[in-house]
Amino acid sequence: MAPHNPSPAARRYPLPSAGSRALDPGDPEAFTRPRELDVLVPTRNRPAELAATLAGLAAQDAGFGLAVSDQSDGDPAWAHPAVAGLVRVLRHAGHPVLLGQHLPRRGLAEHRGHLLARSRARYVLFLDDDIWLEPGAVARMLTAIRELGCGFVGNAPHGLSYAGEHRPHQEATFALWDGPVRPEVLEVRGPEWGRHTVHNAANLLHLTDRLGLRPGEWRAYKIAWVGACVLYDRAKLLAVGGYDFWSRVPAVHAGEDVVVQLRVQAAYGGAGIVPSGAYHLESPTTVPDRDVQCFDLVPVAVDAAATGTG
């Protein structure tokens, strides 16, 4: 019997990869249609991590729009077949997706402000490009912010490489909210500043395990700030100015989220939520220079009259 040979057509016309086909970036005007939730993802030089982030979003059972803003040094992340494939999965599931390149880079605060301006949703979830969300995480955060009525809630990400490392001295500041979440005025490096240590390593994972929550239960706890996965009431974020301070800080900076969260907390309150469904991919940071912190350069106090809380 003669050996089987692939047909000439099969050799001549291989199946195209996802990245070889044009990807529609989406219509910015159409994206501003009213929705309950938009997920806003700034990214730079992280196609593999962004693919994992989008895979987590694709597994959520909540409705949302997604805006991805890229500031990569070369091609945007969605030129990678894995990212392009996940964008198509999200669109197929009914999620509007807006893709954009935002250059030149003017700093983290300006980039977040640009993304915020793309949305008209009731709530906006700022999600870093190296965070995987477990199924149900977005729905739980939405439930929490609706019930609490505060300005934001956050899922601090777990670093699972530290799961076997216990740091009781860093967990000591953990405190649940007893009753409703209330506005708090926190001073930069003031008495409550040490709360941030509960978000180091896998501390929050250990604390949550000890709470013994039943399936579907969640709790709100007091914070200094939360990084990487924060759900805001968009109107309340805008009422304290959003990221409009970006032009007052150097382009190379960090701590932009601390400024807005301290402002929102003072006016409307904010909380961390356990269990957190956020997991850090633990890739090297794309922000190695953190010498300039925004909260050292711009005031964190807000005008109570402007927010309607005076």
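Just so it is clear, the values below take in all heavy atoms, side chains as well, and ignore hydrogens, waters and symmetry mates.
- The main-chain N or O of Cys229 is never found under 3.5 Å from a side-chain atom of Asn155 such that the two would form a donor-acceptor pair.
- You'll find the side chain of Arg182 stays beyond 4.5 Å of the side chain of Tyr268, heavy atoms only.
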Evaluation steps, side-chain contact (heavy atoms from CB on, under 4.5 Å), between Tyr123 and Met141: CA-CA 11 Å; Tyr123 301 106; Met141 295 179 76; over 6 Å; no
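- Under the 4.5 Å side-chain heavy-atom criterion for ILVMFWY residues, a single connected hydrophobic cluster contains both Phe126 and Phe245.
- Using a cut-off of 4.0 Å between Lys/Arg side-chain N and Asp/Glu carboxylate O, Asp178 and Arg219 are scored as not salt-bridged.
- The backbone N or O of Ala156 sits less than 3.5 Å from a side-chain atom of Ser276, completing a donor-acceptor pair.
- Gln101 and Pro76 get closest at one heavy-atom pair: NE2-CD, 3.5 Å.
- Side-chain contact between Pro42 and Leu115: present, with at least one pair of heavy atoms (C-beta onward) separated by less than 4.5 Å.
- Side-chain atoms of Arg33 do not come within 3.5 Å of backbone N or O of Glu29 as any donor-acceptor pair.
- Proximity of Phe31 to Pro96: side-chain heavy atoms (C-beta onward) are separated by under 4.5 Å at one or more points.
- The pair Glu217-Arg140 does not meet the salt-bridge criterion, since no charged nitrogen lies less than 4.0 angstrom from a carboxylate oxygen.
- Ring centroids of Phe295 and Trp193 are separated by less than 6.0 Å, placing the two rings close together.
- Panel note: side chain Arg118, backbone Pro28; no donor-acceptor pair is recorded below 3.5 Å.
- When all heavy atoms of Val181 and Ala271 are compared, the pair lying nearest together is CG2-CB, 4.0 Å.
- Arg106 contributes no side-chain N or O that, together with a main-chain N or O of Ala251, makes up a donor-acceptor pair within less than 3.5 Å.
- Contact check on Arg146 versus Glu36 returns a salt bridge, with a Lys/Arg side-chain nitrogen under 4.0 Å from an Asp/Glu carboxylate oxygen.
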Stepwise side-chain contact (heavy atoms from CB on, under 4.5 Å) test for Trp225 and Leu186: CA-CA 10 Å; Trp225 70 86; Leu186 275 64; over 6 Å; no
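- Hydrophobic clustering places Leu116 together with Val298 (ILVMFWY residues linked when any side-chain heavy atoms are closer than 4.5 Å, directly or through intermediates).
- The closest donor-acceptor contact from the side chain of Gln71 to the backbone of Leu103 lies at 3.5 Å or more, if one exists at all.
- Counting non-hydrogen atoms of neighbouring residues, nucleotides and ligands closer than 6.0 angstrom, the CD atom of Glu187 reaches no more than 12 such neighbours.
- With hydrogens and angles left out, the side-chain atoms of Asp70 and His102 include no donor and acceptor closer than 3.5 Å.
- Shown are Leu57, Leu231, Val138; of these, the side chain to side chain contact (heavy atoms under 4.5 Å, CB included) with Leu127 is made only by Leu57.
- Under a 3.5 Å cut-off, the side chain of Asp289 and the backbone N or O of Asp291 do form a donor-acceptor pair.
- Here Phe174 and Tyr221 bring their ring centres to under 6.0 angstrom of each other.
- Between Asn203 and Gln170, the shortest heavy-atom contact is ND2-OE1, 2.9 Å.
- Using a 4.0 Å cut-off between charged nitrogen and carboxylate oxygen, Glu184 and Arg195 count as a salt-bridge pair.
- Salt-bridge check for Asp257 with Arg112: passed, with a basic side-chain N closer than 4.0 Å to an acidic carboxylate O.
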Full working for side-chain contact (heavy atoms from CB on, under 4.5 Å) between Leu125 and Val230: CA-CA 6 Å; Leu125 172 60; Val230 185; 5.6 Å; no
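- Nearest heavy-atom pair, His280 versus Ile131, reported as atom, atom and distance to 0.1 Å: CD2-CD1, 3.8 Å.
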Worked verdict on Leu108 versus Tyr243 for side-chain contact (heavy atoms from CB on, under 4.5 Å): CA-CA 9 Å; Leu108 300 171; Tyr243 295 89; over 6 Å; no
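- Inspection of the His253 and Gln293 side chains reveals no N or O donor paired with an N or O acceptor under 3.5 Å.
- Taking both residues in full, the closest heavy atoms of Thr43 and Val68 are given as CG2-CG1, 3.9 Å, listed atom of the first, atom of the second, then distance.
- By the 30° and 60° cut-offs, the orientation of the rings of His111 relative to His114 is parallel.
- With His95 contributing its side chain and Phe64 its backbone, the two residues share a donor-acceptor pair below 3.5 Å.
- Gln261 places no side-chain N or O within donor-acceptor distance of the main-chain N or O of Glu256, the cut-off being under 3.5 Å.
- The same ILVMFWY cluster, assembled from side-chain heavy atoms under 4.5 Å apart, contains both Trp218 and Trp177.
- Electrostatic pairing of Arg44 and Asp73 counts as a salt bridge here, judged by a charged N lying under 4.0 Å from a carboxylate O.
- Smallest separation of non-hydrogen atoms from Ala266 and Pro183: O-CB, 3.4 Å.
- Hydrophobic cluster membership is shared by Leu211 and Val226, with clusters built from Ile, Leu, Val, Met, Phe, Trp and Tyr side chains linked at under 4.5 angstrom.
- Between His166 and His206, the ring planes lie parallel to each other; the angle is under 30°, not in the 30° to 60° tilted range.
- Between the side chain of Asp128 and the main chain of Asp130, no donor-acceptor pair closer than 3.5 Å is present.
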